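Each remark here refers to the structure printed beneath this line.
Please read these numbers as outputs of a predicted model, since none were measured by experiment.
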Amino acid sequence: MAEFFKQIDQSGLPVLPSGNASASAIPARRQLFGLDRAALSHVLTEMGQRAYRGKQLAEALYKQRVAHLDQVTTLPKEMRDELFTAGWDVGRPKIVESYRSVDGTERYLVQTGGQTVETVWMPEGDDGGEFSDEPGEGGKGNWKRATICVSSQIGCAVNCQFCLTAKLGLLRNLTPGEIAGQVVAVLDRHRVELNKNRVNLVFMGMGEPFLNYDNFMAAVRILIDEVGIAASRMTVSTSGIVPGILRYAKEEVRPKLAISLNAPNDEVREAIMPVNRKWDIAAVLDAVRQIPFRPREKVTFEYVMLGGVTDQPEHAEQVIRLVRSANLPAMVNLIAWNPGPGIAYNSPSSESVAAFQKLLLAAGIQTYVRRPRGRDIYAACGQLKRTTEGAALAL
Ligand code: SAH
Ligand code: SF4
């Protein structure tokens, strides 16, 4: 915990032990993937080429989803060779392991810079209504839409007591190319045609996006401008990192926001989320109020239900008061706690989840229950810990 506060105390952003990567994580080649069109044009004009070649390269990387330079057939072979000789390569993260759940969810270990990070594919969306406007249908092979859950860091420093990712600690920040690359690798694997298939992104994988703010937002811009996914189809979740929320509030183009509230009051929140000591519920809500919400835009409050700890009717009453007094366009997303080895909480009963939802709905608060996806393969919320043992059906 002290460790965590030290990491975010100074500027609100993390200080990593030794730069962004360990020696083994530094790629041998310079990565083109992650550079935007202007930067790609710059690389090529430095080599004496015309600037429009940058656009062709961007299209190859982000639209055609090439994995190697020799697949960039819009550039002459000599130009590709020259890029390679100058030390460049595509360098997109690569799916090296995959696990498929009985519900159709797939969890991937994505290799980048000598380490792996996790990305989850949820066909038919991750649930009805909460981050999109159609009901989900579960794991049918023939998906019409899907949600990709993306990681922003390897591990996490925030140390929420109920989360398996926290057990890893923070290993390192991901670069913009490593964040956007997870999405492109998964789109490529499923041969997704973005003009035909609906894809939503949730930045709810490993890590705290707002403790890797610049890289996270740079990835968002690549995904919007180059890959072609609208910001309105993206949701970022934060544990309540106030400096990040304040920066986010000033962005012109931004994904939707979810706040991991997870508790009915500061006392319980502090016990399960040490970050609450630095920024309590009131501070987080104050920051969220700085966001210029668009018409119909809402903030989502995520609420992990821990059996006996946060799932009782009196907790629901407190949540109702809290949400009302927040005076924000908001909805609530209930998440039954997903178990993990070494974490001593209980999942709530389905009756207590239903009763909780009923109370909130009766109070006029839009409330969804997130259907757990991929629990059997450690792909559900808070279960991402690069688990390889016991995971079902390696593909
Ligand atoms: N770090 C960010 C985003 C990733 S976590 C954040 O915390 O918001 C995504 C969501 O999963 C968060 O709302 C978090 O509270 C929830 N979560 C974490 N561990 C969980 C678990 N074991 N069961 C259910 N939800 C969990
Ligand atoms: Fe980090 Fe989110 Fe897990 Fe908390 S819930 S430890 S912020 S990944």
Do [X] and [Y] have side chains that get closer than 4.5 Å, going by heavy atoms?
{"X": "V309", "Y": "W337", "result": "no"}
{"X": "L359", "Y": "V319", "result": "no"}
{"X": "L35", "Y": "W88", "result": "yes"}
{"X": "P255", "Y": "Y248", "result": "yes"}
{"X": "R247", "Y": "M217", "result": "no"}
{"X": "M305", "Y": "Q357", "result": "no"}
{"X": "V183", "Y": "V199", "result": "no"}
{"X": "F210", "Y": "L257", "result": "yes"}

Checking the side chain of [X] only, and the main-chain atoms of [Y] only, is there a donor and an acceptor separated by less than 3.5 Å?
{"X": "S151", "Y": "M206", "value": "yes"}
{"X": "R80", "Y": "L75", "value": "yes"}
{"X": "N173", "Y": "N212", "value": "no"}
{"X": "Y62", "Y": "G34", "value": "yes"}
{"X": "R370", "Y": "E302", "value": "no"}
{"X": "D225", "Y": "I222", "value": "no"}
{"X": "T367", "Y": "I365", "value": "yes"}

Using the ring of F84 (Phe, Tyr or Trp, six-membered ring only), decide whether R29 places NZ or CZ under 6.0 Å from its centre and within 45 degrees of its axis.
yes
Nearest-0.5 Å distance that lies between atom [atom1] in [X] and atom [atom2] in [Y]:
{"X": "R221", "Y": "E251", "atom1": "CZ", "atom2": "CD", "value": "6.0 Å"}
{"X": "L360", "Y": "K358", "atom1": "CG", "atom2": "NZ", "value": "13.0 Å"}
{"X": "N215", "Y": "T175", "atom1": "CG", "atom2": "OG1", "value": "6.5 Å"}
{"X": "D311", "Y": "N346", "atom1": "CG", "atom2": "CG", "value": "9.5 Å"}
{"X": "N333", "Y": "S260", "atom1": "CG", "atom2": "OG", "value": "9.5 Å"}
{"X": "L109", "Y": "K94", "atom1": "CG", "atom2": "NZ", "value": "13.0 Å"}

Taking side-chain contact (heavy atoms from CB on, under 4.5 Å) as the criterion, tell me which of V220, I148, T238, T235 meets it with F203.
V220
Taking all atoms of both residues into account, what is the closest heavy-atom pair of [X] and [Y], and its distance?
{"X": "A231", "Y": "I224", "value": "CB-CD1, 3.7 Å"}
{"X": "T310", "Y": "N262", "value": "CG2-O, 3.7 Å"}
{"X": "V96", "Y": "T116", "value": "CG2-CG2, 4.1 Å"}
{"X": "L285", "Y": "A326", "value": "CD1-CB, 3.9 Å"}
{"X": "C160", "Y": "P274", "value": "CA-CD, 4.3 Å"}
{"X": "I245", "Y": "V288", "value": "CG2-N, 4.0 Å"}

Can you list every pair that meets side-chain hydrogen bond (donor to acceptor under 3.5 Å, both in side chains) and has a residue in residues 44-56, with sequence neighbours left out?
R53-Q56
Salt bridge check, R269 against D266: does any charged N sit closer than 4.0 Å to a carboxylate O?
no
Check ion pair R37-E226 (N to O, under 4.0 angstrom):
yes
Where do R189 and I95 land on the side-chain contact (heavy atoms from CB on, under 4.5 Å) test, with the steps shown first?
CA-CA 9 Å; R189 182 181 185 96; I95 295 174; 3.6 Å; yes
Salt bridge (Lys or Arg N to Asp or Glu O under 4.0 Å) between D188 and R92, worked out
CA-CA 11 Å; D188 190 32; R92 188 180 82 197; 3.0 Å; yes
Kindly write out the residues that satisfy ring-ring contact (aromatic ring centres under 6.0 Å, His included) with F356, not counting sequence neighbours, or none if the list is empty.
Y303
Which label fits W121 and H190: parallel for a plane angle under 30°, tilted from 30 to 60°, or perpendicular past 60°?
parallel
On the 0 to 90° scale, with breaks at 30° and 60°, tag the Y213-F216 ring pair as parallel, tilted or perpendicular.
perpendicular
Determine, stepwise, if the pair T73 / V66 fulfils side-chain contact (heavy atoms from CB on, under 4.5 Å).
CA-CA 10 Å; T73 48; V66 299; over 6 Å; no
Could you walk me through whether L174 and Q182 pass the side-chain contact (heavy atoms from CB on, under 4.5 Å) check?
CA-CA 11 Å; L174 293 173; Q182 296 168 60; 3.5 Å; yes
Begin from the C-alpha positions of R373 and S101 and carry the test side-chain contact (heavy atoms from CB on, under 4.5 Å) through to its verdict.
CA-CA 8 Å; R373 300 289 308 259; S101 160; over 6 Å; no
